[in-house]
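Worksheet: one structure, shown below.
Order of the sequence lines sets the chain letters (A, B, ...), proteins ahead of strands, with each chain counted from 1.
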There are 2 protein chains.
Amino acid sequence: MNLKELSALLNLSQTTVSRALNGYPEVSEATRERVGKAAREHNYIPNTRAQGLATGRTHAVGHVIPLSTKHEVVNPVFTDFIAGASEIYAQENYDMHLTVVPDTNEEAAYRKIASKGSVDGVIVHGPVKNDPRIKLLQSIGMPFVVHGRSNTEVDQDYAWVDMNNKRAFERATKFLIDLGHTRIGLLNGLESMDFAIRRRAGYQSALDAAGIASDAYLCRSEEMTEDYGYESTMAFCTRDTPPTAILASSIIVGIGVRRACSELNLTLGKDLSLIIHDDGLSYFRNGAAASQYTATRSSVRQAGLTCAELLMEQIANPDVPKRHVLMEAELIIGSTTGPAPRP
Amino acid sequence: MNLKELSALLNLSQTTVSRALNGYPEVSEATRERVGKAAREHNYIPNTRAQGLATGRTHAVGHVIPLSTKHEVVNPVFTDFIAGASEIYAQENYDMHLTVVPDTNEEAAYRKIASKGSVDGVIVHGPVKNDPRIKLLQSIGMPFVVHGRSNTEVDQDYAWVDMNNKRAFERATKFLIDLGHTRIGLLNGLESMDFAIRRRAGYQSALDAAGIASDAYLCRSEEMTEDYGYESTMAFCTRDTPPTAILASSIIVGIGVRRACSELNLTLGKDLSLIIHDDGLSYFRNGAAASQYTATRSSVRQAGLTCAELLMEQIANPDVPKRHVLMEAELIIGSTTGPAPRP
DNA sequence: GCAGGCTTTCAAAGCGCTTTGGTGGATTGA
DNA sequence: TCAATCCACCAAAGCGCTTTGAAAGCCTGC
């Protein structure tokens, strides 16, 4: 059933039917109801492509996942972000397009997305240092919101939603230092990514403030898998002077650390302290059990929701000033931290 | 830059430019090259909406996530599936649309997707028993592939890709029985879902074969979160007669079981045996470490890839007979299983 | 030298919608 | 009663592409 058929059925022009359906005032209440009823009865739904062609609006947004960050799509953090965003999309009747772009020619990919005209705006994932995509999207003139930030050298006139990564990791590190730890391992995410750079900076800043020299061996940077946590802990603990505490960039890495500990017969919070960053992942609740992790917590689902909101806002009104949202993480005290063991 | 502008620039008709770009034979090699060059130089990319309107093809597929399965989007299993599928999409230059539909009016949602005309086909996730969506999509006439199956009462003429869930869980249960276990807990997924029903059947069938009565208390059904594994194990083990073995539907549930064990000071493979189903999740490799889980293994990423392939096939040629792919799981022996402890 | 057949190009219709710019008829005010 | 206003509706253009049907130009071969 299309507009033409429906209007023929009703003995009305396409114009009138279209207006009736879209709530324009120049239609009598009587016909509006008649049209609405018929549309419902015959399951009439406007063809989005045609609608998009005519209006220039697609009612869809794109999420572009660079393949360069290895497999960001499969990152549970990404998944929870998407879930948050799609709450807004469902509500606003927007579609979500997922595009995985190979890193070979990212610029071309974004240009393509823009000229294909299949989305009204995009969310930029996994910003790196001085991310070229920002300038690119600005020049193309496509509305976008960045999940995270790029560093400050780039023109700041873009919308972003970020967590205060530096502050969170600074606090966590300081918390460990206050407990007497001096050898603190950092299992960071990929340090090509902006968030990881900031976390590293926070960690470093707390060490500096306490006058503790940092040990390059204790700082690792990888994709945040369970295995990464496991392998790193195993490597750390077969060393002469293992760290007495570890800061892990994700609960998933933390799970790997825990597995290594149980294999090595170390008790978390006693033999080894652990603080994780808790994104509030739906499948990995860091609840109030005896084994709760000490954590910096900030909901990535909420971040997704906020990003989507900002994007909707920008699409609706492109001239609105670009907003920035910086979320602070809470510090949750669990059972995985304790005073540094005496040597 | 659009077709009109481009053809004006080249002093050619839109027809010729379009044909040149789409590889039609009735264009001289000379002009084809001239057109191709100009298109590249001016970053001309056809507008998908217009192309879609004209051809009836969108070059996009839809993944519809029922919200009824609580939050399937955030299920890491889903995520890995998507990653596999998008490999094919990237290769075939297809877009992926993600739609989260509230379970209130699923039928309407699918109809809507069909008439909106924004996708050429869909992948059906999380089929339940006697899933109404199958009949619906068949009647609408939209190409689709089901990840999983619905039970056999439904007309079988549809394409699906599934893992042999029954067989896998039957083998795993038998493996435990052979080790002397008789009280075997089952931490199943949501038993509204087809896959969970089959797993349950496999479990039951092995018990029956061994003449072991099943204990309703030992069978649980929930969303496969880490917490579910943890809580269930805690509940089991504060009982008079706890199970000596557990079968968990996902590595994530298994991780929760392990956490509970370390909290309860139980050694996996000695005090409690555990077999998980391992979907081969990218962020949770069940590698060859000392703590490797005994598992039934089948790559969900591969399943995603295969689903996408079948869908492409069907879109290209709707009259092709519907294919079914049934993947067998391997049984991997790790360190989390051992003989049943003597009472 | 010209009908017939190729090759290469084009104008125009159409995909399903929105939107512009009317039009005809009822209603109002003097 | 007639011009001025409104109201409710409509025909047609246009969004950017593909595709049909036709035509122009160039070879053939008799």
Side-chain angles (χ1 to χ4, degrees), chain A residues 1-36 38-39 42-60 93 95 111-120 142, chain B residues 1-36 38-39 42-60 93 95 111-120 142:
Chain A
M1 171 70 51
N2 58 24
L3 227 211
K4 198 165 163 189
E5 289 162 23
L6 184 64
S7 44
L9 207 92
L10 287 162
N11 260 318
L12 285 171
S13 73
Q14 297 193 32
T15 311
T16 305
V17 176
S18 171
R19 307 210 116 141
L21 256 21
N22 293 319
Y24 281 71
E26 53 272 82
V27 177
S28 75
E29 259 332 293
T31 47
R32 187 189 303 285
E33 272 181 24
R34 198 160 67 92
V35 169
H42 296 83
N43 277 315
Y44 168 72
I45 291 161
N47 179 304
T48 357
R49 280 188 311 240
Q51 216 166 14
L53 238 204
T55 57
R57 280 286 172 78
T58 62
H59 254 63
N93 229 315
D95 251 15
R111 280 201 188 288
K112 191 167 158 189
I113 287 161
S115 28
K116 276 202 308 183
S118 45
V119 299
D120 293 338
M142 152 132 340
Chain B
M1 172 68 51
N2 60 23
L3 228 211
K4 200 166 163 187
E5 290 163 21
L6 184 63
S7 43
L9 207 92
L10 287 162
N11 260 318
L12 284 171
S13 73
Q14 297 193 30
T15 311
T16 304
V17 176
S18 170
R19 307 210 116 141
L21 257 21
N22 293 318
Y24 280 71
E26 53 272 81
V27 178
S28 74
E29 257 333 295
T31 47
R32 186 190 303 287
E33 271 181 24
R34 197 160 69 91
V35 169
H42 296 84
N43 276 315
Y44 168 71
I45 290 161
N47 179 305
T48 0
R49 281 188 311 242
Q51 217 166 15
L53 238 203
T55 58
R57 278 287 172 77
T58 61
H59 253 65
N93 230 315
D95 251 14
R111 279 199 189 289
K112 191 166 159 190
I113 286 161
S115 27
K116 277 202 306 183
S118 45
V119 299
D120 293 338
M142 153 134 339

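Under 4.0 angstrom from either OP1 or OP2 of C:dT8 there lies no side-chain N or O belonging to B:Y24. OP1 or OP2 of D:dC17 has at least one side-chain nitrogen or oxygen of B:Y44 nearer than 4.0 Å. Contact between the side-chain N/O atoms of A:N22 and the OP1/OP2 oxygens of C:dT18 is found at a separation under 4.0 Å. Between B:S28 and C:dT9 there is a side-chain polar atom (N or O) within less than 4.0 angstrom of OP1 or OP2. The side chain of A:T16 places no N or O atom within less than 4.0 Å of a non-bridging phosphate oxygen (OP1 or OP2) of D:dC9.
No side-chain donor from either of B:S18 and B:T15 sits under 3.5 Å from a side-chain acceptor of the other.
If you check every strand for non-hydrogen atoms under 4.0 Å, B:Q51 touches sugar and phosphate atoms only. Contacts of B:T31 with the nucleic acid, taken as non-hydrogen atoms under 4.0 Å apart, involve only primed sugar atoms and P, OP1 or OP2. Within the 4.0 angstrom heavy-atom criterion, base atoms lie near A:R19.
Taking atom CG of A:L53 as the reference point, atom P of D:dG14 lies 15 Å away to the nearest angstrom. Atom CG in B:N11 sits roughly 11 Å away from atom P in C:dA11 (whole-Å rounding). Between B:L3 atom CG and C:dA11 atom P the separation is 14 Å, expressed in whole Å.
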Exercise for review: Give the intermediate values and the outcome of side chain to side chain contact (heavy atoms under 4.5 Å, CB included) for residues B:L6 and B:Q14.
Suggested key: CA-CA 8 Å; B:L6 184 63; B:Q14 297 193 30; over 6 Å; no
Exercise for review: Mind running side chain to side chain contact (heavy atoms under 4.5 Å, CB included) on A:R32 and A:V35 for me, showing each step along the way?
Suggested key: CA-CA 5 Å; A:R32 187 189 303 285; A:V35 169; 5.8 Å; no
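The only member of A:N93, A:N43, A:T48 that meets side chain to side chain donor-acceptor pair (under 3.5 Å) when paired with B:K112 is A:N93.
With B:R49 contributing its side chain and A:G117 its backbone, the two residues share a donor-acceptor pair below 3.5 Å.
Contact annotation: side chain of B:T15 to base of D:dT19, donor-acceptor pair present below 3.5 Å.
When the nucleotides D:dC10, D:dC9, C:dC17 are ranked by their closest atom to the side chain of A:Q14, C:dC17 comes out on top. Taking every side-chain heavy atom of B:N47 into account, D:dG16 is the closest of D:dG16, D:dC10, C:dC17.
Between B:S18 and A:T55, the residue anchored closer to the 5' end of DNA chain D is A:T55, taking for each the nucleotide with the nearest heavy atom.
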